[in-house]
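Below is one structure, written out as structure tokens; comments come after it.
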Amino acid sequence: LISKDTPLISKDTPLISKDTPLISKDTPPISKDTPPIFKDTPSKDTHPISKDTPPISKDTPPISKDTPPILDTPQDHKDDQNTQAPPPTAQAPPIAPPPPDPPLQHGPKTRDEALEERKRKQFPGQRAWPTLEDCTQTPPPRHILFTSTWLSVSAKGANVKEYVDLKSDVGNVTNLPHCNANFEKSKRTLDYLAGMESPPLTEYKAERGLQEVLCKIDGTYRTLDDMATRIHRALTMNSTSWVVTNLAALYWRVVGQGPPAVQCLKNALHYGPDNMRDVAYVSLANVLYRTGYEQDAAVVMQLSLEASPTLVVNHFTMANVLAAQGYLREAAGFYESTLHYQPEFEPAAERLRIARCLVVMSKAQSERSSNHGNGTNATNTTNTTRGSSQP
């Protein structure tokens, strides 16, 4: 141990580091008047005294000019490395990123092929793809036009006669079935969608194909003005009825008025029970698409599918929304699922053929353009085997 008579090093005396120059011959020896050392933290370059350092005795001679310099060698840190350095922590292997979606090829859009394939796996036993020969012999139209759809309230178990007076005489006066919103905006009424609040982006064309549906709601034909007045009277009696507000929206669709139709559908969504909301969803998707908000229409139809995943009109309407935007492969998937639930539904079968023919012919055109650009005379490589599953 250090003797009590041994003078200690001052706190102001710099410790010897590996960067300290060698002690010169002019350095005086440590005197007995040197004050004791304090518990200051040494610098990062200072080598602390290890346990193997021999104690300084009173017989230790002062440092002379002949003393060899102190070297900082790896051996000097042997004990520190063995006792202080923690063992290296094993690192977990990096998490592999999820596999990308399968590559998409051909067709007017490229993001829908994988979704169409998933649809085919979900509903096995689907119809074979047409060949190029099939499509050229009976050329399809260049586009699939959007078709109006409506989910009848009777399909959800509601009896219209219990909500609307269809017997009384309404006279010659015509009253319009406007819906008033007496509630705050909310997620339930889909106010986060641009098309719910913004004016129409395109001119709304009257959906005259739905006029017979409205005017023969109970099997007996009435005029459009007659039905408007009857629905108006029903609204004055019960403005929160999801059945009446859906019928009012149908009227505005028939006459080609988008904003009042949206207002009535918001009422239907706000007041209607959760298991009846898909009636309003289907109408709303039609209105949004026809007012120029195609993406909003697809969002609404996704909600409708979640509400009633086996309802034929939901699959058919989603297919129409996608096909009209050019997403032919994904639209084909929903036409397939429509036929899964209703195999005899001919409009879906015809539109499925059109969508697939447009994909097959687009692929053939792309291959011809590629071969021409490469300066080759390669023949068309499109699969022409009848009954193939897909191109």
Side-chain angles (χ1 to χ4, degrees), residues 100-149 202 282 285-286 288-290 292-302 304-305 312-343 345-370 380-391:
D101 289 337
L104 308 179
Q105 302 173 357
H106 313 299
K109 302 287 182 180
T110 59
R111 292 182 56 85
D112 51 357
E113 182 176 80
L115 296 177
E116 190 265 349
E117 290 306 312
R118 292 193 207 114
K119 207 69 172 175
R120 288 179 57 81
K121 293 179 181 179
Q122 183 180 359
F123 301 98
Q126 301 297 333
R127 307 186 181 198
W129 276 70
T131 65
L132 180 59
E133 182 182 359
D134 294 334
C135 297
T136 53
Q137 288 179 353
T138 308
R142 299 181 63 182
H143 305 283
I144 298 180
L145 299 178
F146 185 77
T147 301
S148 297
T149 56
T202 58
V282 172
N286 280 264
L288 290 173
Y289 184 88
R290 291 183 177 278
Y293 296 95
E294 296 91 349
Q295 295 299 324
D296 288 353
V299 171
V300 173
M301 280 314 305
Q302 184 61 44
S304 189
L305 282 164
V312 173
V313 68
N314 284 339
H315 292 262
F316 186 65
T317 305
M318 175 64 98
N320 291 338
V321 169
L322 296 170
Q325 296 181 74
Y327 295 94
L328 297 177
R329 283 187 176 272
E330 188 175 4
F334 281 100
Y335 286 131
E336 289 263 31
S337 57
T338 301
L339 293 169
H340 173 81
Y341 293 113
Q342 190 173 337
F345 190 35
E346 191 58 33
E350 177 60 21
R351 286 170 173 261
L352 174 62
R353 176 192 172 275
I354 294 173
R356 286 181 168 172
C357 274
L358 291 174
V359 173
V360 169
M361 297 175 72
S362 176
K363 177 183 178 182
Q365 179 63 36
S366 298
E367 291 178 346
R368 285 194 295 267
S369 299
S370 177
N380 180 29
T381 58
T382 303
N383 184 2
T384 58
T385 301
R386 189 174 298 277
S388 60
S389 61
Q390 62 175 327

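Bear in mind that the values here come from a model prediction, so they are computed numbers and not experimental data. Along the sequence shown, residues carry numbers from 1.
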So, taking the atom named CZ in Arg290 and the one named OG1 in Thr202, what distance separates them when rounded to the nearest 0.5 Å? 9.5 Å
Taking all atoms of both residues into account, what is the closest heavy-atom pair of Val282 and Met301, and its distance? CA-SD, 4.2 Å
Roughly how far apart are Thr317 OG1 and Tyr289 OH, rounded to 0.5 Å? 13.0 Å
Mind listing the closest non-hydrogen atom pair of Ala355 and Ala332 along with its distance? CB-CB, 4.4 Å
With sequence neighbours excluded, what pairs up with Pro347 under the side chain to side chain contact (heavy atoms under 4.5 Å, CB included) test? Phe316, Phe345
Please give me the minimum heavy-atom distance between Asn286 and Ser148, naming the atom from each residue. OD1-CA, 3.4 Å
What is the distance from atom NE2 of His315 to atom CD of Glu336, rounded to the nearest 0.5 Å? 12.5 Å
Of all heavy-atom pairs linking Cys135 and Arg353, the shortest is CA-NH2, 4.4 Å
Nearest heavy-atom neighbours spanning Val321 and Ala298: CG1-N, 3.9 Å
Under the side chain to side chain donor-acceptor pair (under 3.5 Å) test, which residues partner Ser304, sequence neighbours left out? Asn314
Find the distance between OH (Tyr327) and CD1 (Ile144) and round it off to the nearest 0.5 Å. 14.5 Å
Sequence neighbours excluded, the answer for side chain to side chain contact (heavy atoms under 4.5 Å, CB included) partners of Thr136 is Leu132
Minimum heavy-atom separation for Thr338 and Ala348, please, with both atom names. CG2-CB, 3.8 Å
Can you list everything that forms a ring-ring contact (aromatic ring centres under 6.0 Å, His included) with Tyr293? Sequence neighbours excluded, please. none
Listed partners of Gln295 passing side chain to side chain donor-acceptor pair (under 3.5 Å), at least two apart: Gln325
With Ala349, which residues qualify under side chain to side chain contact (heavy atoms under 4.5 Å, CB included), at least two apart? Arg127, Leu339, Glu346
Using the salt bridge (Lys or Arg N to Asp or Glu O under 4.0 Å) criterion, which residues pair with Arg351? Sequence neighbours excluded. none
